[in-house]
Structure formats: structure tokens, C-alpha cells
Amino acid sequence: MTRLTEKLPEASKQPNYDAISLTLQSWLYQILTDAFGDVPMSEACSADEGILAPKFDTQQQVYRQIIDNLKTANELFDEANGLIYNQSGEMLYNTSKGDATGIKKWKKFCNSLRLRALLRVIDVPEFNAKQELRTMLTDPATYPVFESNDDAALLAISGTYPQEAPLTRPQDFTSYVQISEFFVDLLKGWNDPRLQVYATQVTLPDQTKDYVGLPSGYQTLPSITASGLNQEMAKAPMKLAMMPYAEVEFIKAELLKKGVIDGGSNAAKEAYQKGVQAAIEQWGQVLPDNYFENPEAAYDDTLGRILNQKFVALFFCDYQQWFEYNRTGFPVLPVGPGIANANNQMPKRFKYPAALQRTNLKNYQAAKQNMGGDDFNIRLMWQQ
């Protein structure tokens, strides 16, 4: 995996560009390996070296490289110099020449990503992830992580070329799509203000308006009018979540609940509440004064409560909800009779694209053999 500045002359190399390159590549490769399993990494992006059919690295190799690269990036960040070639700032943190604030946020993003990666492999013995997590979270001076929504990796899209929303037609986001009963009822049970951001109301037979979800996995479409997604979420200006601050607090809450790190009797509750508040405020909403007085939303000293809130906090953050569900089994999702997958199980991974078989057949076949197949039910190394 080539660093951004690796091929530049020594005199023009700048450690912050190197560190950002490693951070962004690690973010991308973790999504890829969590979605597919074994993927090309060490030989990827090497066409200029004549490698047109890169080998696949194993999940273990990819994760080891990600974790090591993020540690290296943390050590490379130079707060004194900013990004010397960026006179008008970059897109994520608007960092420019001499901007220490932007570099500090990049460093927090780097270390927050490392928390995500280590948590994903916390039960994989070869990674010693619990000790690595303890080392990071007990030394915030060396390993700073997100401390507020202002630190979070939320990519602002203005809507003006070239910063256009990912969906050219917002109606493609909402057409023939309804929100699930489970998701709607979860948020209604919490009296959560995010529901009005995510969903549209429908008119009930008595002419009142409410949020109504569709049952999961139905065989025949129920004869009800269900809430759709709020089309405004797909319109710019918008912020695309690469990693939200709330995720860091929920990582801390889980580790405190499991006893991986120590923080006192109320530490897990405090991290849980910070995570909930951050997730609500990320969407421009205000945490209701009595939110945590609601027994359904209050911290109840269970892992399920933490991970249910984390599931909602990761809404609209690539595939992280799916990845976390496959790691933890939470939330406990309803399984309907219409699910076609074997034994009504949640898919564990994506199948490799057909184009890959045409362009890199030999290495595809080797990866398929190593993983035990290429179907939705192949369990990845970090999954339960």
C-alpha cells in the first residue's frame, strides 16, 4: 500500500500528508475488508508497477496493517506545520498551512479509527486488542480521540459543484422505500427527536398523523401506509459521516461495561449518555430534558442498551450498523418469514463482484478457497 508522499523527492515530503494518507487508506480498507473479507491491499493501486491483478491479503493481514498504519500515522502528525501546500484548507477539517487545530482533529480521527478497528477484533486472540485499547484510552495525551461533534469526521457537502450530493436525484433515496417497524418503534419508545429527521409521517384512518413502520421480512406487503425516509437527508448541504463522535463514546461505554477499562461506578453510564446526546445533536436536534428519565432510554447497565443506541447513532454511516450487528448480535432484530437467506440469517458479507472474477480470476479463486467459499454466510474472523 503506497503512501501519498512515498514517491515524492525527500525535500518535498511532509509528514502530515503521509499521516493523512495512512488514515484515509485505513478508513477505506477497513470498510472493504469488513464488507468482503480477504481483499487486495499490499499490491492494490500498483498498476504503475505492472501489477494489474493484485493478490488478496487475508483479513488478518489487512487488519494488522490497518492497526499498525494508524499507530504510525499518529506518530507522524506534526501540529506545528499544518498542511503547507493547502493555502485554502482541505475538505474535512479545512486544514491549511500552519493550522495546528486542523491537524489535531486529523490526529483524533486517526486514533478514533484505531479504536474502531481494535474493537472490531477485540475477540480475535492474535491481536491483543484489549491491551491496545487500554493503552490508548489511558493515555489521551499520546492518543487523542474525538471529544465533541466538532472533532467528528463529518464531511461537509455544499451542493455546489464539485461538492455535489452523492445522489443526483433525491427521489431515488425514497422511492418505494419504507422504514421498518422495529426502527420506528425503537425511536418512539425513546421519545427520540431524531425520528422526525429520519422519517416522514403518514395519515392514519382517524386523520391524525404518526410514524408507522413496516414489519420486517414480510412475505406479503401489509395493507398499511408506512413512513418513508425523509428525502431531506439526501439533499445538500449535508454532512456525510465517516466516523461520528458518538461512536467513540459508545466504544468507551462498551469497554467500561465489559471491564476492559476502568473508570469508576458511573463511567459507563456517563459515556452512554454522552454518546446519546452527541448522536442527537449531530442531526441538529436537542436532547429532551427528561430523555434519560424514560425507562426505555435510561442507561440500564446492559450491553444491549448501549449497542441499541450505537446502532441508531451509526445511521447513515456507510455499513457500520451492519458490521456492528454482525460483531455483537445487537440489536436483536425481528426476523420475518419472507427473508430468503438460508435459515433467515443476516448476511455476513458481500459476495465478490462478478467483474473481479473476469479481471483477477486466479487471485479470486485463491481468496475463495482461503475463506471457504464466496457466499453471504461466510463468517468473517471478527464475527460471532
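Note that the structure is predicted; figures quoted are calculated from it, not measured.
Of the inter-residue distances, the one linking T225 atom OG1 with Q201 atom CD reads 13.5 Å to the nearest 0.5 angstrom. Distance check, rounded to the nearest 0.5 Å: CG of N230 to CZ of R194 gives 15.0 Å. A distance of 5.5 Å separates CG in L195 from CG in L187, rounded to the nearest 0.5 Å.
M381 and W322 fall within the same hydrophobic cluster, defined by Ile, Leu, Val, Met, Phe, Trp and Tyr side-chain heavy atoms under 4.5 Å apart, directly or through other members. Linking Ile, Leu, Val, Met, Phe, Trp and Tyr residues whenever their side-chain heavy atoms come within less than 4.5 Å places F109 and L28 in a single cluster.
Cluster partners of Y161 are absent, since no Ile, Leu, Val, Met, Phe, Trp or Tyr has side-chain heavy atoms less than 4.5 Å from it.
Minimum heavy-atom separation, N16 to L76: OD1-O, 4.2 Å. The shortest heavy-atom contact between T23 and C110 is OG1-CB, 3.5 Å. Minimum heavy-atom separation, S148 to Y245: O-CB, 3.3 Å. A117 approaches I67 most closely through the heavy-atom pair CB-CG1, 4.2 Å. The two residues M243 and V248 make their nearest non-hydrogen contact at CE-CG2, 4.1 Å.
Between K71 and D68 there is no salt bridge, since no side-chain nitrogen of the basic residue lies less than 4.0 Å from a carboxylate oxygen of the acidic one. The existence of a salt bridge linking R114 and E132 is confirmed by a sub-4.0 Å separation between a basic side-chain nitrogen and an acidic carboxylate oxygen. Salt-bridge annotation for K257 and E254: absent, with no side-chain N of the basic residue lying under 4.0 Å from a carboxylate O of the acidic one.
When T33, N370, T58 are each tested for a side chain to side chain donor-acceptor pair (under 3.5 Å) with D38, only one passes: N370.
Applying the side-chain hydrogen bond (donor to acceptor under 3.5 Å, both in side chains) rule to pairs touching residues 211-220 yields nothing, sequence neighbours excluded. Every pair passing ring pair (Phe, Tyr, Trp, His ring centres under 6.0 Å) that includes a residue from residues 256-295 is listed here, sequence neighbours excluded: Y198-W283, Y272-Y299. Within the structure, salt bridge (charged side-chain N to carboxylate O under 4.0 Å, His left out) pairs that include any residue of residues 73-94 do not occur (at least two apart or interchain). The ring pair (Phe, Tyr, Trp, His ring centres under 6.0 Å) pairs that include a residue from residues 113-139 number zero, where partners must be two or more places apart or lie in different chains. For residues 205-216, every residue pair satisfying the salt bridge (charged side-chain N to carboxylate O under 4.0 Å, His left out) rule, not counting sequence neighbours, is listed here: K188-D210.
Within 6.0 Å of CD in Q369 there are 12 or fewer heavy atoms belonging to other residues, nucleotides or ligands. Within a 6.0 Å radius of CG in N191, other residues, nucleotides and ligands contribute 12 heavy atoms or fewer. Within 6.0 Å of CG in D289 there are 12 or fewer heavy atoms belonging to other residues, nucleotides or ligands. Crowding of K258 atom NZ: a count of heavy atoms from other residues, nucleotides or ligands under 6.0 Å exceeding 12.
Residues passing the salt bridge (charged side-chain N to carboxylate O under 4.0 Å, His left out) test with K105 are D150, sequence neighbours excluded. In terms of the ring-ring contact (aromatic ring centres under 6.0 Å, His included) criterion, F330 has no residue partners (sequence neighbours excluded). With sequence neighbours excluded, the residues forming a side-chain contact (heavy atoms from CB on, under 4.5 Å) with Q320 are I31, R116, R120, L314, C317, D318, F323, listed by chain and number. R134 meets the side-chain hydrogen bond (donor to acceptor under 3.5 Å, both in side chains) test with Q131; sequence neighbours excluded. With sequence neighbours excluded, the residues that form a side-chain hydrogen bond (donor to acceptor under 3.5 Å, both in side chains) with D151 are K108. Qualifying side-chain contact (heavy atoms from CB on, under 4.5 Å) partners for D375, counting only residues two or more places apart in sequence or in other chains: K351, N377, I378.
Separation of the F173 and F316 ring centroids falls under the 6.0 Å cut-off. Aromatic ring centres of F56 and Y364 lie farther apart than the 6.0 Å criterion allows.
Under the 6.0 Å distance and 45° angle rule, R349 counts as a cation-pi partner of Y352.
Between F183 and F311, the ring planes lie perpendicular to each other; the angle is over 60°, past the 30° to 60° tilted range.
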